[in-house]
2 protein chains.
Amino acid sequence: MQPRPRTIPEATVARLAVYLRVLATLADGGRSTVSSGELASAAGVNPAGLRKDLSHLGPCGVRGVGYDVALLRDRLTRVLGVERAHGCVLVGIGNLGSALADYAGFGTRGFEFVGLFDASPARIGQRIGSLQVRALDELEDVVAATGASIGVLTTPAEVAQRVCDRLAAAGVRSILNFAPVTLTAPAGVDVRKVDLSVELQVLAFLGQQRVPAGVGESA
Amino acid sequence: MQPRPRTIPEATVARLAVYLRVLATLADGGRSTVSSGELASAAGVNPAGLRKDLSHLGPCGVRGVGYDVALLRDRLTRVLGVERAHGCVLVGIGNLGSALADYAGFGTRGFEFVGLFDASPARIGQRIGSLQVRALDELEDVVAATGASIGVLTTPAEVAQRVCDRLAAAGVRSILNFAPVTLTAPAGVDVRKVDLSVELQVLAFLGQQRVPAGVGESA
DNA sequence: GGCACTTTGTTCCTGCGTTCACAAGCGGCT
DNA sequence: AGCCGCTTGTGAACGCAGGAACAAAGTGCC
């Protein structure tokens with residue numbers, strides 16, 4: 001009865017977001033159809049895997065032809081839930097927070113910042129884009145008033161857990177954490193972590209592993 | 001003959017980096033030993049998984065007691081290859097690039113920016129921290145002079161691939177890409193991608209999946 | 001109208017990552 | 001010195017993601 005199996009693997013969802021971006025680019029370029037091979041190449045994945053990913057949302061291509069760019073884009077937009085813009089609050093307006101608040105790429109992808117917060121009086125009142133930085137005290141009120149569903153944390157590590165708790169209590173259901181700590185959130189609240197140091201350390205490891213420099217250097 | 005099996009799964013490496021950070025915090029707090037359960041809890045993973053991760057680098061705990069904090073931290077530091085600082089070049093000094101260049105967290109974790117580059121004359125010469133933004137022309141020279149092994153891309157999507165090619169040609173072996181495009185690099189060059197929009201879209205999907213809001217909203 | 005080519009959607013299979021459960025080893029107590 | 005409890009390290013099973021190969025289907029051409 002349900003056309004969608006309703007359970008799409010998380011790894012697949014992440015790739016769907018990538019496909020969506022590629023499709024947007026193709027649509028801008030005037031393309032009307034794409035084959036799985038071409039799309040997979042642009043997204044950096046295996047063609048078979050791409051078709052399997054897409055199969056999770058039912059048949060949406062035409063055999064012998066490929067996928068309709070606009071159609072597939074709209075369907076992905078719906079499935080990913082970015083049909084309507086999601087309100088986001090951003091806590092911690094340091095360097096990284098300011099950069100994110102000012103990043104234009106979010107607005108065009110279904111996300112809109114509806115509140116910027118910081119604890120430092122020096123930051124409060126500062127304008128970034130079309131928003132003003134507010135005091136942390138107003139966090140709950142703004143979340144309630146705007147119905148923001150996503151919280152982005154760019155605070156120092158020491159206060160991240162406390163802010164996370166407040167966001168969850170205020171009704172935010174998804175949190176994107178840039179602070180270098182592992183957060184614990186109540187059930188029903190999703191937390192995703194972006195850790196730049198970890199990414200660099202993985203790269204460092206892969207680099208040194210590829211060339212075990214210093215091992216056989218005895219000449 | 002080789003004490004290390006030499007092949008550590010990438011997912012494990014990412015977690016090792018997390019453990020390392022937790023250990024650093026514990027060491028600062030004066031703790032001398034930790035059990036796998038406590039460490040796993042702080043890192044947000046399964047205790048058994050943590051022990052398996054650690055087993056990849058040989059026995060390094062004491063049964064009945066736990067792990068020596070300082071000892072394990074040093075060993076992880078060595079294994080991850082952040083014993084010596086890695087030189088990083090950062091290309092694209094926009095909002096995000098500036099934030100990363102100014103982020104103090106990297107220096108304490110074995111990474112040091114040795115060059116900041118931008119194509120815009122308006123940016124060139126600007127000082128961020130202890131470095132000056134240089135013209136993109138100098139990229140190859142600086143990489144050669146400093147032996148930088150890691151490149152960080154925070155450029156617009158349109159030029160990311162070109163810069164990636166130049167970095168690879170200049171001898172950079174690891175690239176961390178923040179630009180919203182899928183890069184292709186020659187063999188021997190590792191590319192890791194951090195895509196903020198994708199993270200948000202995954203959150204949006206998980207949020208809407210949990211509550212099919214809008215289905216019963218007849219009011 | 002029929003045929004062949006192209007491309008999707010699916011199925012099978014292989015490999016990896018994760019988890020659970022047990023045996024081995026070490027410290028502390030008696 | 002011997003025993004007990006605690007914790008690590010490892011072996012095995014489960015589940016999942018990724019990749020390759022095959023069948024179905026639709027288009028364009030002859």
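One interatomic measurement links the two molecules: CG of B:Leu72 to C1' of D:dT8, which rounds to 12 Å at whole-angstrom precision. Rounded to whole angstrom, the span from the CG atom of B:Leu50 across to the P atom of D:dG9 amounts to 10 Å. The distance from atom CG of A:Asp68 to atom P of D:dG26 is 16 Å, rounded to the nearest whole Å. As a whole-Å value, the separation of B:Tyr19 OH from D:dT8 P is 13 Å. Taking atom CG of residue A:Leu57 and atom P of nucleotide C:dT8, one finds them 14 Å apart after rounding to whole Å. The nearest whole Å value for the distance from the CG atom in A:Leu54 to the C1' atom in C:dT10 is 14 Å. Between the CD atom of B:Glu10 and the P atom of C:dC16 there is a distance of 14 Å, rounded to whole Å. Rounded to whole angstrom, the span from the CD1 atom of A:Ile8 across to the P atom of D:dG18 amounts to 14 Å.
The phosphate of C:dT18 (OP1 or OP2) has a side-chain N or O of B:Arg15 nearer than 4.0 angstrom. Here A:Ser36 reaches the OP1 or OP2 of C:dT8: one of its side-chain N or O atoms lies under 4.0 Å away. Between B:Tyr67 and the phosphate of C:dC26, there is no side-chain N or O to OP1/OP2 separation shorter than 4.0 Å.
Taking for each of A:Arg51 and A:Val62 the nucleotide of DNA chain D with the nearest heavy atom, the 5'-most of the two is the partner of A:Arg51. Of the residues near DNA chain C, A:Gly37 and B:Arg63, the one whose nearest nucleotide (by heavy atom distance) lies more toward the 5' end is A:Gly37.
Of all the heavy atoms in B:Ile93 and B:Asp118, the pair that sits closest is N-OD2, 2.7 Å. The nearest pair of heavy atoms linking A:Pro9 to A:His56 is CD-NE2, 3.8 Å.
Out of D:dA20, C:dT8, D:dT8, the shortest distance to the side chain of A:Asn46 is found at D:dA20.
Here A:Gly49 lies out of heavy-atom contact (under 4.0 Å) with every strand.
Looking at A:Glu199 and B:Lys193, no side-chain N of the basic residue comes within less than 4.0 Å of a carboxylate O on the acidic one, giving no salt bridge. For B:Glu38 and B:Arg31, the salt-bridge test passes: some basic side-chain N is under 4.0 Å from an acidic carboxylate O.
Between the side chain of A:Lys52 and the base of C:dT10 there is no donor-acceptor pair of N/O atoms closer than 3.5 Å.
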Q | Derivation of the side-chain hydrogen bond (donor to acceptor under 3.5 Å, both in side chains) call for A:Arg173 and A:Ser149 | A | CA-CA 6 Å; A:Arg173 300 256 273 280; A:Ser149 58; over 6 Å; no
